[in-house]
Protein chains: 2
Amino acid sequence: MKKLPFSRNDARELLRRNGINPTHQRIEIAHALYSRCEHMSADQVMAIVNERHPETSKATVYNTLNLFAEKKLVREVVIDPSKLFYDPNMSDHHHLFDVTTGQITDIDAANISVAGLPALPDGMIAEGVDIVVRVRPQAA
Amino acid sequence: MKKLPFSRNDARELLRRNGINPTHQRIEIAHALYSRCEHMSADQVMAIVNERHPETSKATVYNTLNLFAEKKLVREVVIDPSKLFYDPNMSDHHHLFDVTTGQITDIDAANISVAGLPALPDGMIAEGVDIVVRVRPQAA
DNA sequence: CCGGGGTCTGGACGCTGTCTAACTCGCCAC
DNA sequence: GTGGCGAGTTAGACAGCGTCCAGACCCCGG
């Protein structure tokens, strides 16, 4: 993944445009996500932010990521409620999660189709829903 | 899910047949899994076992579930390496995991097809692989 | 200069799973 | 019956991830 030209000023603008008060921490976090365009876990984000801003607390990183997700700046990819990733790519796609390596790969929504999913107990699989296909490659 | 007629003696036999030393704890755990034929997490199993055998330790439950999985008495359903379920149903099927409720539903392998999965970096999606489709029903 | 609201911080907590050292128990030889 | 060995079990420490809270902090308006 190439590092996109995404400056801290770009980050500041992005936040402002979305009605988010652009604090130092938030700018660093937005920059971390958008300059590398990858799925990242909260602690990956924290590690990157800490290189510049060593005193950024865990709570701030989590709060900020939640805030970004609410404001639709990033997508929250839920492997499990206790295992979240954040994806700056907002285009229509799903995710492939490899359990053994922990890697997440994008799947273009146009390229995948799933037939035979049962209706969910209390809701439909509606448009815009995120589907994570979790696979476990055959053990050797 | 109806409670199957699966006695503790059945459990003892099952263990013996599979070369597992049938201790009290193991019998209780096997009974918990097989009498309700559901996907269960380790702590659900522990809660059930503790009703009868209050002094069963966490380590034993985890050890036993791993042992059963190795011996192919149950299937280990890996939502994430830190979030496992155990499934006494060994037939060929996949799983649907509802992130918001935590519920797991079976999907018969014959009824589902997934087109467009990319090849995995270091392995193919081979026969017998467990696929968990994780969905998030649309928020209200 | 002061007050206040939004933000940040560190730490406690809960949940899930792993590991280890010590204990217990069952079984076998004698 | 006695002794001892090893499999099984136990409690508790530990690690990873996320949440929550009380208090400190900063910056703006008045």
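Below, chain A is the first sequence line, B the second, and so on; all start at residue 1.
For residues 51-61 of chain B, proximity to DNA chain C is found at B:Lys58, B:Ala59, defined as any non-hydrogen atom under 4.0 angstrom from a strand atom. Residues from residues 16-24 of chain A with heavy atoms under 4.0 angstrom of DNA chain D: there are none.
In this structure, CZ of A:Phe85 is placed 8 Å from P of D:dG18, rounded to the nearest angstrom. Between A:Asp43 atom CG and D:dG16 atom P the separation is 9 Å, expressed in whole Å. In this structure, A:Met40 places its CE atom 13 Å from P of D:dG18, rounding to the nearest Å. Going from atom CZ of A:Arg26 over to atom P of D:dC27 covers 14 Å, rounded to whole Å. Straight-line distance from the OH atom of A:Tyr86 to the P atom of D:dG18: 7 Å, rounded to whole Å.
Of all nucleotides in DNA chain C having an atom under 4.0 Å from a heavy atom of chain A, the first and last in 5' to 3' order are C:dT7 to C:dA12.
At least one side-chain heavy atom of A:Leu14 sits under 4.5 Å from a side-chain heavy atom of A:Tyr34.
Look at A:Tyr62 and you'll find a side-chain N or O under 4.0 angstrom from OP1 or OP2 of D:dG18.
Residues A:Asn63 and A:Ala42 both approach DNA chain D. Their nearest nucleotides, taken by heavy-atom distance, put A:Ala42 toward the 5′ side.
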Pairs of donor and acceptor atoms involving the side chains of residues 65-74 of chain A, under 3.5 Å and at least two apart or interchain, shall be tabulated with distances.
from: A:Asn66; atom 1: ND2; to: A:Tyr62; atom 2: O; distance (Å): 3.4

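Pairs engaging residues 16-27 of chain A under the side-chain hydrogen bond (donor to acceptor under 3.5 Å, both in side chains) rule: none recorded [sequence neighbours left out]. Listed by first and then second residue, the side-chain hydrogen bond (donor to acceptor under 3.5 Å, both in side chains) pairs that reach into residues 44-56 of chain B are B:Ser41-B:Gln44, sequence neighbours excluded.
Defined by atom type and a distance below 3.5 Å, a donor-acceptor pair is missing between the side-chain atoms of A:Asp106 and A:His94. At a cut-off of 3.5 Å, with distance as the only test, no side-chain donor of A:His39 or A:Asn89 sits close to an acceptor on the other residue.
Residues passing the side chain to side chain donor-acceptor pair (under 3.5 Å) test with A:Asp10, sequence neighbours excluded: A:Ser7. Among residues two or more places apart in sequence or in another chain, the side-chain contact (heavy atoms from CB on, under 4.5 Å) test is passed with B:Ile48 by B:Ala32, B:Arg36, B:Met40. Checked against side chain to side chain donor-acceptor pair (under 3.5 Å), B:Asn9 has the following partners two or more places apart in sequence or in another chain: B:Arg12.
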